[in-house]
Amino acid sequence: MADDATLYERIGGRETVDAVVETFYDRVLADESLEPYFEDADPVELEAHQKQFITYAAGGADEWNGRSMAEAHEQLDVTDAAFDRVAEHLDESLRTHDVAEADREELLDAVAALRDEVVTA
């Protein structure tokens, strides 16, 4: 792959993003500690938004058309512990789909940079 390939391209593009997000939500929605955050959420809608977000965060889309992270999470009272748990599930999902360590770290760093917008409790 070319040296100028985006993270999105390096991890395998849409096919990998779709697979990672499906695994991710299987894990997240089965985690009892995270259950209160997803009680009223539509899993299909969650997956669609997450696929769009990861595509954007990994350089597979030039712009983000969704709500800001702060707006999307403002009513949820997300704690640092919940944020960390979700990040663990994302890392494990990336590992499950053989995303290289450097690429996992790059994507997780992009997610970590959003902590202040997501954590409100």
Side-chain angles (χ1 to χ4, degrees):
M1 185 146 310
D3 288 341
D4 62 345
T6 65
L7 175 59
Y8 180 77
E9 293 165 329
R10 292 193 315 267
I11 66 174
R14 181 178 180 174
E15 183 177 324
T16 300
V17 169
D18 287 354
V20 165
V21 170
E22 289 166 16
T23 300
F24 170 74
Y25 274 111
D26 286 346
R27 294 176 59 87
V28 166
L29 296 176
D31 186 327
E32 290 181 8
S33 72
L34 298 174
E35 192 174 319
Y37 297 105
F38 298 97
E39 287 177 333
D40 298 325
D42 175 354
V44 174
E45 187 176 304
L46 285 172
E47 280 191 21
H49 285 281
Q50 190 70 14
K51 288 173 183 178
Q52 291 172 355
F53 170 72
I54 289 179
T55 297
Y56 170 73
D62 291 333
E63 59 184 51
W64 172 250
N65 294 320
R67 296 184 294 167
S68 72
M69 288 296 120
E71 183 182 349
H73 296 88
E74 67 187 346
Q75 302 297 323
L76 297 176
D77 295 326
V78 177
T79 64
D80 279 309
F83 185 93
D84 292 341
R85 190 73 182 129
V86 168
E88 289 171 18
H89 286 306
L90 178 57
D91 187 33
E92 287 302 317
S93 299
L94 292 164
R95 288 174 191 269
T96 295
H97 294 283
D98 300 319
V99 173
E101 182 176 353
D103 294 335
R104 282 194 333 268
E105 288 177 6
E106 186 175 338
L107 186 55
L108 291 169
D109 285 347
V111 170
L114 299 170
R115 180 182 292 273
D116 289 344
E117 293 180 54
V118 174
V119 174
T120 59

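Quick note: residue numbers are just sequence positions, from 1.
- The shortest non-hydrogen separation linking Val111 to Phe53 is CG2-CE2, 4.3 Å.
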Quick one, Asp84 with Arg115, criterion side chain to side chain contact (heavy atoms under 4.5 Å, CB included). Give me CA distance, side-chain angles, the key distance, then yes/no.
CA-CA 9 Å; Asp84 292 341; Arg115 180 182 292 273; 2.4 Å; yes
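- Closest approach of Phe38 and Val28 over heavy atoms only: CE1-CG1, 3.4 Å.
- In this structure, CD on Glu92 lies 8.0 Å from CZ on Arg104, to the nearest 0.5 angstrom.
- For Pro36 against Glu32, the heavy-atom pair with the smallest separation is CD-O, 3.9 Å.
- Between atom OG1 of residue Thr16 and atom OH of residue Tyr8 there is a gap of 9.0 Å, rounded to the nearest 0.5 Å.
- Residues Leu46 and Ala41 approach most closely at CD1-CB, 3.6 Å, considering heavy atoms.
- For the atom pair Leu94 CG and Glu101 CD, the distance stands at 12.0 Å (nearest 0.5 Å).
- Between the side chains of Thr120 and His73, no donor-acceptor pair of N or O atoms lies under 3.5 Å.
- How far CZ of Arg85 is from CG of Leu34: 7.0 Å, rounded to the nearest 0.5 Å.
- For the pair Lys51 and Glu22, the salt-bridge criterion is met [side-chain N within less than 4.0 Å of a carboxylate O].
- Looking at Arg27 and Glu88, no side-chain N of the basic residue comes within less than 4.0 Å of a carboxylate O on the acidic one, giving no salt bridge.
- Heavy-atom contacts from other residues, nucleotides or ligands closer than 6.0 Å to CD of Glu71 number more than 12.
- No more than 12 heavy atoms of other residues, nucleotides or ligands lie within 6.0 Å of CZ in Arg14, so this atom counts as exposed by the packing criterion.
- A heavy-atom distance below 4.5 Å is not found between the side chains of Asp109 and Glu106.
- Side-chain contact between Asp91 and Glu105 is absent, with no heavy atoms from C-beta onward closer than 4.5 Å.
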One pair to check against side chain to side chain contact (heavy atoms under 4.5 Å, CB included): Ile54 and Leu90. What are the steps and the verdict?
CA-CA 11 Å; Ile54 289 179; Leu90 178 57; 4.1 Å; yes
Leu76 vs Val118, side chain to side chain contact (heavy atoms under 4.5 Å, CB included): CA-CA, chis, key distance, verdict
CA-CA 9 Å; Leu76 297 176; Val118 174; over 6 Å; no
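- Across all their heavy atoms, Leu29 and Pro43 have their closest contact at CD1-CB, 4.1 Å.
- Separating the OH atom in Tyr37 from the OG1 atom in Thr79 is a distance of 3.5 Å, to the nearest 0.5 Å.
- Going from atom CZ of Arg95 over to atom OG1 of Thr23 covers 14.5 Å, rounded to the nearest 0.5 Å.
- Arg10 places no side-chain N or O within 3.5 Å of a backbone atom of Asp103 that could act as its donor or acceptor partner.
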